2 protein chains.
Amino acid sequence: MEPATTRRDYERELRQAGIRITKPRKVILQILTGSEDHPDAMAIFRRAVKIDASISLATVYRTMKLLEGLGAVHRHAFEGGPARFEHADGAHHDHLIDLDTGKVIEFHSETIERLQQQIADELGYDIEHHRLELYGRKRR
Amino acid sequence: MEPATTRRDYERELRQAGIRITKPRKVILQILTGSEDHPDAMAIFRRAVKIDASISLATVYRTMKLLEGLGAVHRHAFEGGPARFEHADGAHHDHLIDLDTGKVIEFHSETIERLQQQIADELGYDIEHHRLELYGRKRR
DNA sequence: AATGCAAATGCAAATCGTTTGCAACTGGAT
DNA sequence: ATCCAGTTGCAAACGATTTGCATTTGCATT
């Protein structure tokens with residue numbers, strides 16, 4: 001049985017934050033929640049234009065920044081490319097980037113999280129956030 | 001007693017790789033090996049100009065790319081800033097970035113390394129390299 | 001020490017991803 | 001239906017980095 005994955009209602013959240021639901025924002029949110037990959041701004045823009053030809057790339061960037069600020073999306077600056085985005089639904093995870101395809105695989109290790117915490121502790125620091133990325137190629 | 005830390009002789013290495021030891025390269029290498037911080041290209045450039053006023057920023061970038069290719073320096077693209085460099089002497093380590101000062105603290109966890117390896121294994125990947133960065137603030 | 005030439009340099013212009021100023025437009029509260 | 005601050009599209013600006021090109025410079029050769 002599928003667990004009833006309670007999907008976040010981003011439009012509702014934006015409204016509550018006192019932010020207008022405009023046509024471009026609707027479109028971008030729709031793209032974001034409907035994608036399970038990690039598109040960059042240009043990819044989002046290309047998908048958006050298919051739905052509403054009048055959307056501009058600047059608005060994509062502005063909206064991503066807005067959503068990031070609200071905690072609705074996460075921005076990832078993987079090596080050697082533009083920033084890529086992911087809706088912030090679901091639990092925290094790190095990333096393995098396929099160097100041949102650019103595909104992103106998510107993973108999570110509670111043990112690693114704990115060790116990071118412990119290292120920061122020992123150094124006298126509080127972690128604000130962290131970034132763990134593995135870059136590799138499929139074994140054959 | 002200090003252990004006799006065998007310092008790498010970069011000029012020698014470059015020469016062996018068939019690369020010319022020019023004045024700008026000498027200066028940049030001197031800066032790199034003499035710094036224990038993680039300067040960005042502009043910082044290296046500023047330090048270099050003090051030694052030889054004719055050096056250009058373009059040459060700093062070209063040299064950093066060259067040295068990176070030779071494995072003599074590591075390039076780090078920490079969040080929200082230009083790339084920062086570090087001479088590749090010494091053992092592998094990860095970084096904790098002080099969000100207040102920008103200072104970089106190095107650390108290493110063999111356990112984390114092993115866990116990363118294990119995760120990649122399970123996903124059927126060979127890790128080419130990885131990046132683990134903790135962003136935090138000094139606890140008070 | 002003088003020569004030759006590919007490699008390296010400085011400069012300025014180009015590139016890439018992203019941000020911003022501004023005038024025109026539009027949600028949504030009234 | 002009206003109003004106006006928030007939002008947009010456009011194009012220009014931006015910061016970091018790279019590149020084309022004419023000029024220098026290592027350094028292997030005489």
Side-chain angles (χ1 to χ4, degrees), chain A residues 10-31 38-70 72-85 102, chain B residues 10-31 38-70 72-85 102:
Chain A
Y10 289 113
E11 289 199 17
R12 212 180 117 70
E13 287 185 36
L14 294 211
R15 220 165 226 120
Q16 283 179 329
I19 284 160
R20 288 192 190 163
I21 309 302
T22 63
K23 185 144 54 148
R25 286 177 184 166
K26 261 204 201 10
V27 171
I28 291 169
L29 281 173
Q30 170 189 339
I31 290 167
H38 298 68
D40 61 34
M42 184 52 73
I44 294 170
F45 173 63
R46 280 191 303 261
R47 295 178 202 181
V49 163
K50 286 190 200 156
I51 301 173
D52 174 351
S54 74
I55 285 174
S56 75
L57 181 56
T59 292
V60 172
Y61 276 109
R62 277 191 282 238
T63 303
M64 297 324 288
K65 178 160 289 193
L66 177 76
L67 296 176
E68 194 188 358
L70 294 170
V73 312
H74 292 141
R75 170 192 303 258
H76 302 296
F78 299 134
E79 281 182 8
R84 296 171 65 171
F85 303 91
Chain B
Y10 288 113
E11 290 197 19
R12 211 181 118 70
E13 287 185 35
L14 294 211
R15 220 165 225 119
Q16 282 179 331
I19 284 160
R20 288 191 189 165
I21 309 303
T22 64
K23 186 145 53 147
R25 286 178 182 162
K26 260 206 205 4
V27 170
I28 291 169
L29 280 173
Q30 170 188 340
I31 290 167
H38 297 67
D40 59 34
M42 184 52 73
I44 294 170
F45 173 63
R46 280 190 304 260
R47 295 178 201 181
V49 163
K50 286 189 202 159
I51 301 173
D52 174 351
S54 75
I55 285 174
S56 76
L57 182 56
T59 293
V60 172
Y61 276 109
R62 277 189 282 237
T63 303
M64 297 324 289
K65 177 160 291 190
L66 176 76
L67 295 176
E68 194 189 358
L70 293 171
V73 312
H74 291 139
R75 170 192 303 259
H76 302 296
F78 298 135
E79 281 183 9
R84 297 169 65 171
F85 302 91

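Here the structure is a predicted model, which means the values were calculated and not measured. Proteins come first, then strands; the chains are lettered A, B, ... in the order of their sequence lines, and each starts at number 1.
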May I have the distance from B:Phe45 (atom CZ) to D:dT17 (atom C1'), rounded to whole angstrom? 14 Å

Under a cut-off of 3.5 Å for both distances of each Watson-Crick or G-U pair, what dot-bracket string does DNA chain D give, using [ ] for crossing pairs and | for inter-strand pairs? ||||||||||||||||||||||||||||||

Give me the atom names and distance for the closest heavy-atom approach of A:Arg84 to A:His38. NE-O, 2.7 Å

Atom CG of A:Leu66 to atom C1' of C:dT18: distance rounded to whole Å? 16 Å

Quick one: closest heavy-atom pair of B:Leu70 and B:Ala17, and the distance? CD2-CB, 4.1 Å

Would you mind reporting whether B:Thr63 and B:Ile44 have side-chain heavy atoms less than 4.5 Å apart? no

Separation of D:dG15 atom P from B:Met42 atom CE, nearest Å, is 11 Å

Straight-line distance of A:Ile28 CD1 to A:Lys23 NZ, nearest 0.5 Å: 13.0 Å

Between P of C:dT18 and CZ of A:Arg84, the distance in whole Å: 12 Å

Compare every heavy atom of B:Ala41 with every heavy atom of B:Phe85, then report the nearest pair and how far apart it is. CE1-N, 4.0 Å

Applying salt bridge (charged side-chain N to carboxylate O under 4.0 Å, His left out), can you list everything that pairs with A:Glu79, at least two apart in sequence or on another chain? none

Between protein and nucleotides 20-24 of chain C, what N or O pairs are separated by less than 3.5 Å?
{"residue": "C:dG21", "atom": "O6", "partner": "A:Arg62", "partner atom": "NH1", "Å": "3.3"}

Starting at the 5' end of DNA chain D, which residue's closest nucleotide do you reach first, A:Val60 or B:Lys26? A:Val60

A side-chain contact here means heavy atoms from C-beta on lying under 4.5 Å apart; do A:Arg46 and A:Val49 qualify? no

Non-hydrogen atoms of B:Ala83 and B:Asp40 that approach each other most closely: O-CB, 3.1 Å

Return the set of residues passing side-chain contact (heavy atoms from CB on, under 4.5 Å) with A:Ala77 (not counting sequence neighbours), or none when no residue passes. A:Arg131

Closest non-hydrogen atoms of B:Ile51 and B:Gln30, given as atom of the first, atom of the second and distance, are CD1-NE2, 3.7 Å

Could you tell me whether the side chain of A:Arg25 reaches within less than 4.5 Å of the side chain of A:Arg20, counting heavy atoms only? yes

For atom CG of A:Leu14 and atom C1' of D:dT7, their distance in whole Å: 13 Å

B:Arg75 atom CZ is separated from D:dT18 atom C1', nearest whole Å, by 11 Å

Smallest heavy-atom separation, A:Val73 atom then A:Met64 atom, equals CG2-O, 3.9 Å

With a 4.5 Å cut-off on side-chain heavy atoms, are B:Leu14 and B:Leu67 touching? yes

Could you state the CG-P distance from B:Leu29 to C:dA8, rounded to the nearest angstrom? 13 Å

Any side-chain heavy atom of A:Pro39 within less than 4.5 Å of one from A:Arg47? yes

d(CD1, B:Ile19; P, C:dA7) in whole Å: 11 Å

Expected rows: protein N/O vs nucleotides 22-26 of chain D N/O, under 3.5 Å:
{"residue": "D:dG26", "atom": "N2", "partner": "B:Arg20", "partner atom": "NH2", "Å": "3.0"}

Do any N or O atoms of the protein come closer than 3.5 Å to N or O atoms of nucleotides 1-4 of chain C, and which pairs are they?
none

B:Ser56 side chain near C:dT9 phosphate (N/O to OP1/OP2, under 4.0 Å): no

